[in-house]
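Structure, as structure tokens:
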There are 2 protein chains.
Amino acid sequence: MSRETPTRGRRPKRGRTRQALMDAALDLVAKKAPFSSLSLREVTKRAGVVPTAFYRHFSDMSALGLTLLDESFRTLRQMMREVRQQELPNERMIRGSMETFFTYVRNNRTHFLFVSKELYGGSATMRQAIRREIRLFVSELAMDMARFPFLVRVNAEDLQMMASLVVNSVVALTQEMLELDEDDDAGQHEMLIMAEKQVRLIYFGVAQWRSDTPPRT
Amino acid sequence: MSRETPTRGRRPKRGRTRQALMDAALDLVAKKAPFSSLSLREVTKRAGVVPTAFYRHFSDMSALGLTLLDESFRTLRQMMREVRQQELPNERMIRGSMETFFTYVRNNRTHFLFVSKELYGGSATMRQAIRREIRLFVSELAMDMARFPFLVRVNAEDLQMMASLVVNSVVALTQEMLELDEDDDAGQHEMLIMAEKQVRLIYFGVAQWRSDTPPRT
DNA sequence: AGTATAAGTGTACATGTGTTGACATTGGTG
DNA sequence: CACCAATGTCAACACATGTACACTTATACT
């Protein structure tokens, strides 16, 4: 069997295959089935690598998934922090936040597609992980809202409720936007407008709220 | 171990296997992976039928999926119609609607689990079908809202926006509730309370809205 | 009754899957 | 340079998958 292999196509660079595998998975998720119905061989083929090479980087497909999730959220958290820091007042704030957020979504389409499909369709651990991140955003937003002067009389529970309303709405709109064609600029812009209006509407309601509101108008 | 089935185990009744297949798929989705990562053989095994028997009822797994979707929404639409008709005024209306809706969700857990996972994780046609149904609910709600006296000055587009905000929020809460353990009564009730509060909050905002609201508070 | 048809069974096969083990090639370190 | 650990390849396996075919049985209808 000692046959001389005439230099098959090789991939020299250091940790490039690992990234290739992640990108391949992301690509496949973006234009095909959800991650859970993705086979190891499919991913390696897409990455231009032999199946067994997979194990050099991930023990398992689910390990790949977790890594992908981590990668998706690391930069997202970064961006969120920046959004929270730029302290624009009032109206400008909502509009500004929505704009930067949605541009970020557009620039990281595959990641969001991945997360979006895993939120409800993924494995239990996957869903749990995503949900944890979202709950984090909700808490942070609640903290920000607590500083609004007209919300001093609102208790913590209701603050959480309001924040989760905002976050859930933005998430839903994001998922709807991902359903649009990648270069449907008009549609995407429409989503942005809608998101801004919805959040503004919620803030109108928030301004009206009293935590001890009795069950009648 | 030999039950009262002397010859080969058979299923006599007319169209029972068809339903058994649907139930099996629903069960598997409820306690395992999403529908897309479900194999034909798995479903038939669960239904207690030989794999090839599948083709007597469905041409394909995706055909099964579409049928399941239809079954899920048919009764849902029915219920929605009833909710819309019971004309309770004001505060009572929100609470009442939420209660009947969420009890319905509890009583049809597997169906909702299925739809929830398919909304973003399913095939393109599947997602599209679900989205169409949701849009229908939004339109109907918008029509209902148009009759509110304090909304006469709101244009159609904004009405749609408001309705979709309500629906999206309820959908999100529903999905969150499905994540809870089946017999976590406390958690489920908490979700109901939250849903009612969120919708009420939105209505506060709605009451404040003017379609020509300039970009300032 | 008798029989046509719908429904279910068993066998079989080609294809895709995850994973193992032994080997080949790289790139960075001494 | 020589070496070695990391990385990639090949061949092979045991098993699951979808589906075709020929068959048996139950049900419905005359």
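Any value given below was found using the heavy atoms of this structure, including those in side chains, with hydrogens, waters and symmetry copies removed. By convention in this document, chain letters (A, B, ...) are assigned in the order of the sequence lines, proteins followed by strands, and residues within each chain are numbered from 1.
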Item to check | Nucleotide nearest B:Thr52 when distance is taken to its side chain, options D:dC10, D:dC21, D:dT7 | outcome: D:dC21
Checklist entry - Is there side-chain contact between A:Thr67 and A:Arg18, with heavy atoms separated by less than 4.5 Å? => result yes
Checklist entry - B:Glu182 and B:Arg106: salt bridge (charged side-chain N to carboxylate O under 4.0 Å, His left out), yes or no, with the steps? => result CA-CA 8 Å; B:Glu182 187 166 7; B:Arg106 291 185 74 165; over 6 Å; no
Next on the checklist: How many whole angstroms separate atom CZ of A:Arg18 from atom C1' of D:dA6?
Outcome noted: 14 Å
Checklist entry - A:Leu21 CG to D:dA6 C1': how many Å, rounded? => result 15 Å
Checklist outcome for this item: Sorted by chain and number, sequence neighbours left out, side chain to side chain donor-acceptor pair (under 3.5 Å) with A:Glu176 holds for none
Checklist outcome for this item: Those residues at least two apart in sequence (or on a different chain) that pass salt bridge (Lys or Arg N to Asp or Glu O under 4.0 Å) with A:Glu133 are A:Arg77
Item to check | B:Pro51, nearest nucleotide to its side chain (from C:dT19, C:dA7, D:dT19) | outcome: D:dT19
Checklist entry - How long is the line joining NZ of B:Lys45 and C1' of C:dT9, in whole Å? => result 16 Å
Next on the checklist: Using a 4.0 Å heavy-atom cut-off, does B:Tyr55 contact any base of the nucleic acid, only the sugar-phosphate backbone, or nothing at all?
Outcome noted: base
Checklist entry - Is there side-chain contact between A:Leu119 and A:Met126, with heavy atoms separated by less than 4.5 Å? => result no
Item to check | Spacing of A:Arg56 atom CZ relative to C:dT20 atom C1', expressed in whole Å | outcome: 11 Å
Checklist entry - Can you tell me how far P of C:dT19 sits from CZ of A:Phe58, to the nearest Å? => result 15 Å
Checklist entry - Between A:Met61 (CE) and C:dG16 (P), how many Å, whole number? => result 17 Å
Next on the checklist: Walk me through whether A:Phe102 and A:Glu196 qualify under side chain to side chain contact (heavy atoms under 4.5 Å, CB included).
Outcome noted: CA-CA 11 Å; A:Phe102 278 104; A:Glu196 200 235 330; over 6 Å; no
Item to check | Length of the CZ-P vector between A:Phe54 and C:dG18, whole Å | outcome: 9 Å
Checklist entry - Could you state the CG-P distance from B:Asp60 to D:dA20, rounded to the nearest angstrom? => result 11 Å
Next on the checklist: Please check if the number of heavy atoms outside A:Gln128 that lie under 6.0 Å from its CD is greater than 12.
Outcome noted: no
Item to check | DNA chain D-proximal residues of residues 24-44 of chain B, any heavy atom under 4.0 Å | outcome: B:Ser39, B:Leu40, B:Arg41
